Structures are given as C-alpha cells and as structure tokens.
Student: 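Before anything else, here's the structure in question.
None of the values given here were measured: they were computed from a predicted structure.
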Amino acid sequence: MPELPEVETVVRTLEQQIRDEEILKVTVRWPKAVIGDPDVFAERLQGQHFRSFGRRGKYLIFGMDDMTLVSHLRMEGKYYIQDPSEPLNRHIHVVFQLSGGKELRYHDTRKFGRMEIIEKDPDLSDFHDLGPEPFDEAYTAERIREYCRGRRAAIKSVLLEQQLVAGIGNIYADEILSACGIRPGRSCARLTQRDRQNIVDNTRLILAEAIKAGGTTIRSYTSSLGVTGMFQNDCMVHGQKICRRCGHEIKVKWIGGRSSYYCPVCQAK
DNA sequence: ACACTGACCTGCGAGC
DNA sequence: TGCTCGCAGGTCAGTG
C-alpha cells in the first residue's frame, strides 16, 4: 500500500479520530507483527494515551505518554477504527482497546508490517538511516549528485532508496520520472544537473498533489476509516496502458526487482 | 562499496 | 471448475 502520501493520510485521519484516547488493553494476535516480546509490548502500552501523530518517511510515529510507538505498514498494513462488536477477521493482527469504546485494529493481509515501542521523543533525523524528507531543504540536486557519485544504478532504483530521500515508493518513483521525461532505466551517472533539479522539483510537486488527493488507491487499498485515496486518477504512467500525455503505449520494464512503467516517447532516454 | 537476489506472507487474476 | 504461475504500493539479509 503505502508511500509517503498514504502514510500522511493515515496520520491525519487517525489524529482526528483517536487523539488523547487511552489504551485500555492491547491484544497481539500474531506475535511477529510486533518487534520484541508481544506480552511486554501489550503490557507497556496499557494505560498510555495517543498524544501526538507524526510520520518519518513511511513510518508512522505515535507519541505516547512515556514512549513512542512506531509502525511501518509495508505493503498492505492498515488501521481501522471499529466497534468491538464488529467481527475480527483473520488479517487483524493487533487490537488496541480504546477508552472511547472503539478499537484501533491493525490489519495486514501479507503480514509484512511491523510495530515497535521505542524511547520517548527519539531523534528522527537519522532514524533507520533515512534521508531527508522530500520537503526538507536538504533534499537538493546537489544531494542527488553526491549520493550517486561512483554509482551506475538505474535512477529508478536509486529513488527507491530511502537513504537518498525518505518516502518515495514504486508508484511515485515512476510518476516523478515520467514528469521529468527520464527513463527509469537510465543510469544515475548519466543525469544532468538539470535532470537532478527536475527530479527534486517534481518529487515535491507530485507528493504534494498526492497528499492533497488523500493518497493513491490501487486494487483494494483504503486507509483507515475507509478513506479512499484518489491519486490513481492522476497517475500518468504507473498502472496505465496508454500515455496520458501523448497516447503512446506504456511500456513495463523490470528494474531493480520492481515493475516500472514509462512512456517510450515522453521519456526519450 | 555496490548491485543484485531471495525471504518475509497472502490473495487475486490469468491461463491452461 | 480447479490447478499453477506470476504479480502486488517495502525493507532487510545474504551473496559475489
């Protein structure tokens, strides 16, 4: 599911719904959803309140009273707020019973997502080795140049590396390169300074638009509360058959272990 | 150090 | 209908 805009959407919706609610009880139904001992996890969170809601890259950051709860949704993780009377299905792995009477439920069909308790108010600057946020001034053409020094990997693969800039995933990498007129398979060593500046500018433009649209919905993804992102309506290449700029057939190429969509005409090289 | 692969999981649609 | 295969928005460990 989620890249930066989707995670941002989840953060905002959850803040509206459960801010300052107390956790009465935590049930971990699939132990591997939690890093560390699930019993300790559940015990420590009992009595804590959801005080702040943030994001770093694709990580959700919940500020509790005495600790920080970090959650990564990976491919398919999502949070739902449901009435306890609603039946639990087999994909709900963690249940937080809340003081307001509802439950916060973590749902993850592929079981890739993880959550973890870490110290209160962590230093997020070098959290998980993440690069700057896309809207941080540290994300520049110059940074891309330095980062790619001595490397020849495809620019598409490089954009997916969270150490360069945090939050870009497969969909937005394709969309950013489409907006720049750069083929995903182009070596990062063969970018011009103008290309790098274009990448920075379009990263911000596209992510900002996507956040405004509430994220992207592909296949069955909906964020918490059934909020459905609409950005897929704006995708120029990813998941498309025909280029929405020129009408040419979209190509799909396997790059760095991911499928990459591009228009061979608009993305000349 | 870099680049690539497999592993982690389940479900869905395509093709036979 | 029922099977197998390939694929899915992410990240990390392991291999040359």
Student: Report yes or no: does A/Gln97 contribute a side-chain atom to a donor-acceptor pair with the main-chain N or O of A/Val26 at less than 3.5 Å?
Tutor: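 Pair absent, no side-chain N/O of A/Gln97 close to backbone of A/Val26.
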
Student: Send over the distance from A/Tyr147 OH to B/dA3 C1', rounded to a whole Å.
Tutor: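 Atom OH in A/Tyr147 sits about 12 Å away from atom C1' in B/dA3.
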
Student: Could you tell me whether the phosphate oxygens of B/dA3, OP1 or OP2, come under 4.0 Å of any side-chain nitrogen or oxygen in A/Arg151?
Tutor: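 Result: yes.
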
Student: Does A/Phe112 stack onto the base of B/dC8, taking stacking as ring centres under 5.5 Å apart and planes under 30° apart?
Tutor: yes

Student: Check whether any side-chain N or O of A/His91 sits under 4.0 Å from OP1 or OP2 of B/dC9, and answer yes or no.
Tutor: no

Student: Heavy atoms within less than 4.0 Å of DNA chain C: which residues of residues 249-262 of chain A have one? Give them sorted by number.
Tutor: A/Trp254, A/Arg258, A/Ser259

Student: If we ignore angles and hydrogens, is there a donor and acceptor under 3.5 Å between the side chains of A/Ser178 and A/Arg245?
Tutor: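 Indeed, the side chains of A/Ser178 and A/Arg245 share at least one donor-acceptor pair under 3.5 Å.
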
Student: To the nearest Å, give me how far apart NZ (A/Lys78) and P (B/dC9) are.
Tutor: 18 Å

Student: Could you tell me how the ring of A/His72 sits relative to the ring of A/Tyr59: parallel (under 30°), tilted (30 to 60°) or perpendicular (over 60°)?
Tutor: perpendicular

Student: What is the ring orientation for A/His93 with A/Trp30, classed by angle as parallel under 30°, tilted 30 to 60°, or perpendicular over 60°?
Tutor: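 Correct class here is tilted.
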
Student: With sequence neighbours excluded, what pairs up with A/Lys120 under the side-chain contact (heavy atoms from CB on, under 4.5 Å) test?
Tutor: none

Student: Which stems, defined as runs of 3 or more consecutive Watson-Crick or G-U wobble pairs with both pairing distances under 3.5 Å, involve DNA chain B?
Tutor: B:2-8 with C:10-16, B:10-16 with C:2-8

Student: Considering just the side-chain nitrogens and oxygens of A/Arg152, establish if one lies under 4.0 Å of OP1 or OP2 belonging to B/dC4.
Tutor: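 For B/dC4, OP1/OP2 do not have a side-chain N/O of A/Arg152 under 4.0 Å.
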
Student: Does a nitrogen or oxygen in the side chain of A/His93 sit under 4.0 Å from OP1 or OP2 of B/dC9?
Tutor: no

Student: Is A/Lys58 close enough to C/dT11 that one of its side-chain N or O atoms is under 4.0 Å from OP1 or OP2 there?
Tutor: yes

